[in-house]
Amino acid sequence: MSWIESAVIRAQEEKAENAKAFSYSLKIHEHFLEHCENLWMKFSTILEEIKKHFKEDCSIQKDENQLVITIALVVITITVVKKNVREHYYGEADLKYKCSHDSGKPKLAVELLYLNPTEHPVWMYKVLQGKEEIEVAFSEVEAEHVIKTALWKYVE
């Protein structure tokens, strides 16, 4: 096989991969609000439990791209943004919290999420394992950990 034939094969493979990536990105674009709702659902079980115990000291406000959880003097904000880079769409979620006792507060284990551009996008985050960064799917376990960390002063 000549170098030209080899180049043609690689170019066709790259073109097919780019087309697949574009179709995945369109799915993120077209179903972005559903992806946001899926992220909010990760918090639903723990929030039901917290509302049961904290009663009027707990409020939850959500709209299309933001979830604001207030528990006593702690405010957890999750903001989701759809981004477009040269017609390739992806989603990011920024997790933050503030409290009346901000000095010395622990850092959230998960502060940034992203929608992985695959056929079935899920919210992911990166974690350092040894010297390698790996991708992990965000689940209800991490959602509970986010809230527990934000409530650190009350949990101690």
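The first residue in the sequence is number 1, and the count goes up from there. Since this is a predicted model, take the numbers as computed values, not measurements. Both backbone and side-chain heavy atoms feed into the values below; hydrogens, waters and symmetry mates do not.
In this structure, Gly104 and Trp152 approach most closely via the heavy-atom pair O-CH2, 4.0 Å. Closest of all the heavy-atom pairs between Ala93 and Ile78 is CB-CG2, 4.4 Å.
When the shell of 6.0 Å around CD of Glu30 is examined, it contains more than 12 heavy atoms from other residues, nucleotides or ligands. Other residues, nucleotides and ligands place no more than 12 heavy atoms under 6.0 Å from the CD atom of Gln129. Counting non-hydrogen atoms of other residues, nucleotides and ligands closer than 6.0 Å to CD of Glu144 gives a total of 12 or fewer.
His35 has its side chain within reach of Pro121: a pair of non-hydrogen atoms, C-beta onward, lies under 4.5 Å apart. Two residues are said to be in side-chain contact when any heavy atoms from C-beta on lie closer than 4.5 Å; Ile50 and Ile69 fail this criterion. Within the 4.5 Å cutoff, no side-chain heavy atoms of Ile147 are placed close to those of Tyr97. Annotation: side chain of Gln66 is in contact with side chain of Thr77 (closest heavy-atom distance under 4.5 Å). Two residues are said to be in side-chain contact when any heavy atoms from C-beta on lie closer than 4.5 Å; Met124 and Val122 meet this criterion. The shortest side-chain heavy-atom distance between Cys99 and Leu73 does not fall under the 4.5 Å cut-off.
Without hydrogens or angle criteria, Asn65 side chain to Thr79 main chain gives no donor-acceptor distance under 3.5 Å. Counting only distance, with no hydrogens or angles, the side chain of Lys51 and the backbone of Ile60 share no donor-acceptor pair below 3.5 Å.
In this structure, CG in Leu67 is found 7.0 Å from CG in Leu47, a value given to the nearest 0.5 Å. Distance check, rounded to the nearest 0.5 Å: CD of Glu48 to OG1 of Thr45 gives 6.0 Å. The structure places CG of Leu113 at 10.0 Å from NZ of Lys42, a figure rounded to the nearest 0.5 Å.
Hydrophobic cluster membership is shared by Val110 and Ile134, with clusters built from Ile, Leu, Val, Met, Phe, Trp and Tyr side chains linked at under 4.5 angstrom. Residue Val136 is grouped with residue Val146 when hydrophobic side chains (ILVMFWY) are merged at heavy-atom distances under 4.5 angstrom, including chains of intermediate members. Cluster membership check: Val81 does not share its hydrophobic cluster with Leu39, using side-chain heavy-atom separations under 4.5 Å among Ile, Leu, Val, Met, Phe, Trp and Tyr. Both Val155 and Ile71 are part of a single hydrophobic cluster, where members link through side-chain heavy atoms under 4.5 Å apart.
Residue Val68 is found in a hydrophobic cluster whose other members, listed by chain and number, are Val75; membership requires side-chain heavy atoms under 4.5 Å apart, directly or through intermediates. Hydrophobic cluster membership for Val141: none, as no Ile, Leu, Val, Met, Phe, Trp or Tyr side chain comes under 4.5 Å of it. Here Leu128 is tied to no hydrophobic group at all, with no ILVMFWY side chain closer than 4.5 Å.
Residues in residues 8-21 take part in these side-chain hydrogen bond (donor to acceptor under 3.5 Å, both in side chains) pairs, two or more places apart or across chains: Ser6-Arg10. Within the structure, the ring-ring contact (aromatic ring centres under 6.0 Å, His included) test picks out the following pairs touching residues 102-146 (sequence neighbours left out): Phe43-Phe138.
Side-chain polar atoms of Ser139 and Glu142 form a donor-acceptor pair below 3.5 angstrom.
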Q | Test log, rule side-chain contact (heavy atoms from CB on, under 4.5 Å), inputs Ile46 and Glu140 | A | CA-CA 8 Å; Ile46 187 64; Glu140 289 183 352; over 6 Å; no
Q: Apply side-chain contact (heavy atoms from CB on, under 4.5 Å) to the pair Glu37 and Lys62, showing each step before the final yes or no.
A: CA-CA 10 Å; Glu37 192 60 37; Lys62 73 176 181 174; 3.0 Å; yes
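For Glu111, there are no side chain to side chain donor-acceptor pair (under 3.5 Å) partners two or more places apart in sequence or in a different chain.
Of the residues listed (Leu95, Leu108, Ile76), the one engaging Thr149 in a side chain to side chain contact (heavy atoms under 4.5 Å, CB included) is Leu108, and it is the only one.
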